[in-house]
There are 2 protein chains.
Amino acid sequence: MQKMNNKNKIFIDKLRSSGLRPTNQRVEISKFLFNRKKTFHFTVEELKNSMNLKRSKKISTATFYNTVHALKSAGYLKEFSLENNTSYYDTNISSHHHFFDNGKVIDINSDKITFRKLPEAPKGKKIKNVEVVIRLENNN
Amino acid sequence: MQKMNNKNKIFIDKLRSSGLRPTNQRVEISKFLFNRKKTFHFTVEELKNSMNLKRSKKISTATFYNTVHALKSAGYLKEFSLENNTSYYDTNISSHHHFFDNGKVIDINSDKITFRKLPEAPKGKKIKNVEVVIRLENNN
DNA sequence: AACTACTTTATAATTATTCTAAAGTATGTG
DNA sequence: CACATACTTTAGAATAATTATAAAGTAGTT
Ligand SMILES: [Mn+2]
Ligand SMILES: [Mn+2]
Ligand SMILES: [Zn+2]
Ligand SMILES: [Zn+2]
């Protein structure tokens, strides 16, 4: 019973191609994640809290986890880790780099970093990707 | 009542300078961690299991966590994260790089990677360190 | 030996995540 | 539309990693 207006088509398509029916909850999550200009880095808990804050009828934790996992498996989200034991997700699925600044994450486009020297992959292996983390601290 | 033989002095010193009395449990952990030629990458659970396997009187989980945390705070261990929700520790505390190969972690010495181009730190920030992860996959 | 401070340990609590099973919703068929 | 069937949502239970608690043990000091 999804109103299939053009406005939501792109978000619905991501769900469909992730093997998910575009239910209301899922479409709202998909819109929340992908209807923005800048990359979004988030934990499931952060996503849940910021979406549910504005809602009278809350979306359940399980639905957030399920939807995020399906979108990740389909390649619409990338998972990464900081130095705590929580999964972070990134709406920028290209191979790219990051500044880490006290828990804040900022994208660095791939072309902003190039290498003069890189090691070979060990025997029998090949390089899947190369990603750089630049850790920041305050001046002085 | 620690037997202060020279053999253990270096491991005891790491504990002392981490603010820990060199008890038997702690000295054994320190030796297990630092008495090796190659870098050791581990989770607390792995450390606990491999040490306790050989022991009749087990060291408790809390002692493993406490000791690892103190050694980390003192700078004798470095923490890092893979894409699951577990903390890994690294006995190589220098800024260096890694191959990640299906959960296996291999050190890459700092001088094996150099940059042609690197972005500036944002206003008011400076770069603390730059670390590279090279993800591997099998050939073919 | 007695006193005190630090340590170890078992166990409880917490957090992030996953699982389960029941109730809800959508879709297809006649 | 009526029913069957399949997929969803949800609350709550279960699990895994970690941290907290508090009692019993040990060490260092007088
Ligand atoms: Mn977990
Ligand atoms: Mn945790
Ligand atoms: Zn990113
Ligand atoms: Zn390392």
Side-chain angles (χ1 to χ4, degrees), chain A residues 1-4 8 11-12 14-30 32 41-52 55-74 77 79-89 103, chain B residues 1-4 8 11-12 14-30 32 41-52 55-74 77 79-89 103:
Chain A
M1 191 124 336
Q2 195 55 47
K3 217 195 312 178
M4 177 56 159
N8 288 354
F11 311 115
I12 291 173
K14 281 192 208 289
L15 293 169
R16 284 235 162 79
S17 57
S18 305
L20 298 178
R21 273 194 200 159
T23 61
N24 286 312
Q25 291 95 324
R26 289 169 176 168
V27 174
E28 293 203 42
I29 293 172
S30 181
F32 189 90
H41 300 104
F42 65 94
T43 68
V44 174
E45 202 62 23
E46 287 166 1
L47 172 65
K48 185 185 92 174
N49 290 338
S50 48
M51 285 195 65
N52 276 345
R55 304 170 55 87
S56 43
K57 179 148 191 354
K58 313 299 184 196
I59 298 173
S60 72
T61 305
T63 294
F64 283 106
Y65 275 100
N66 291 341
T67 306
V68 166
H69 284 165
L71 291 169
K72 186 214 159 181
S73 294
L77 291 173
E79 191 177 0
F80 67 99
S81 254
L82 302 183
E83 268 147 45
N84 60 13
N85 32 37
T86 312
S87 284
Y88 285 75
Y89 295 89
Chain B
M1 190 126 333
Q2 195 55 44
K3 213 188 327 173
M4 178 54 161
N8 287 354
F11 310 116
I12 291 174
K14 280 191 209 291
L15 294 169
R16 283 236 163 80
S17 58
S18 303
L20 297 178
R21 273 194 201 160
T23 61
N24 286 311
Q25 290 94 325
R26 287 169 177 168
V27 173
E28 291 202 44
I29 293 171
S30 181
F32 189 90
H41 300 103
F42 64 95
T43 68
V44 173
E45 201 63 20
E46 287 165 0
L47 173 64
K48 184 186 92 175
N49 290 337
S50 47
M51 286 195 65
N52 276 345
R55 304 171 55 88
S56 42
K57 180 150 191 352
K58 314 297 185 197
I59 298 173
S60 73
T61 303
T63 294
F64 282 106
Y65 275 101
N66 291 340
T67 305
V68 166
H69 284 164
L71 290 169
K72 187 215 159 181
S73 294
L77 291 173
E79 190 178 359
F80 68 98
S81 252
L82 302 183
E83 267 148 46
N84 60 15
N85 32 38
T86 312
S87 284
Y88 285 77
Y89 295 89

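Numbers restart at 1 for each chain; the letters A, B, ... are given by sequence-line order, proteins then strands. What you see below is based on every heavy atom in this structure, not just the backbone, and it leaves out hydrogens, waters and symmetry mates. Only a predicted model underlies this, so the values are computations on that prediction, with no experimental measurement involved.
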Partners passing salt bridge (charged side-chain N to carboxylate O under 4.0 Å, His left out) against A/Glu46 (at least two apart in sequence or in another chain): none
Partners passing salt bridge (charged side-chain N to carboxylate O under 4.0 Å, His left out) against A/Glu28 (at least two apart in sequence or in another chain): A/Arg55
How long is the line joining [atom1] of [X] and [atom2] of [N], in whole Å?
X       : N      : atom1 : atom2 : result
A/Leu82 : C/dA16 : CG    : C1'   : 14 Å
B/Arg55 : C/dT8  : CZ    : P     : 11 Å
B/Leu47 : D/dT18 : CG    : C1'   : 15 Å
B/Phe64 : C/dT9  : CZ    : P     : 9 Å
A/Tyr88 : C/dT15 : OH    : C1'   : 13 Å
B/Glu79 : D/dT19 : CD    : C1'   : 13 Å
B/Leu15 : C/dC6  : CG    : P     : 16 Å
B/Glu28 : C/dT8  : CD    : C1'   : 14 Å

Test of understanding: with side-chain hydrogen bond (donor to acceptor under 3.5 Å, both in side chains), list the residues that count as partners of [X], not counting sequence neighbours.
X       : value
A/Thr61 : A/Lys48
A/Ser18 : none
A/Ser17 : A/Tyr76
A/Ser81 : none

Can you name the atoms? Protein N/O to nucleotides 18-21 of chain C N/O, anything below 3.5 Å, with the distance.
| residue | atom | partner | partner atom | Å |
| --- | --- | --- | --- | --- |
| C/dT18 | OP2 | A/His69 | NE2 | 3.1 |

For A/Phe42, ring pair (Phe, Tyr, Trp, His ring centres under 6.0 Å) partners two or more places apart: A/Phe40, A/Tyr89
Separation of B/Glu79 CD from B/Lys72 NZ (nearest 0.5 Å):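 Rounded to the nearest 0.5 Å, the NZ-CD separation comes out at 4.0 Å.
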Side chains of A/Thr63 and A/Gln25, donor plus acceptor under 3.5 Å: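 Their side chains do not contain a donor-acceptor pair, so the 3.5 Å distance test is not met.
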Sugar-phosphate only, base, or nothing, as touched by A/Ser87 at under 4.0 Å among non-hydrogen atoms: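 Result for A/Ser87 = sugar-phosphate.
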Enumerate the protein-to-nucleotides 5-9 of chain D contacts in which both atoms are nitrogen or oxygen and the separation is below 3.5 Å.
| residue | atom | partner | partner atom | Å |
| --- | --- | --- | --- | --- |
| D/dC7 | O4' | A/Arg21 | NH2 | 3.4 |
| D/dT8 | OP1 | A/Arg21 | N | 2.9 |
| D/dT8 | OP1 | A/Arg26 | NH1 | 3.0 |
| D/dT8 | O5' | A/Arg26 | NH1 | 3.1 |
| D/dT9 | OP1 | A/Thr23 | OG1 | 2.2 |
| D/dT9 | OP1 | A/Gln25 | OE1 | 3.4 |
| D/dT9 | OP2 | A/Arg26 | NE | 3.0 |
| D/dT9 | OP2 | A/Arg26 | NH2 | 3.1 |
| D/dT9 | O3' | A/Gln25 | NE2 | 2.9 |

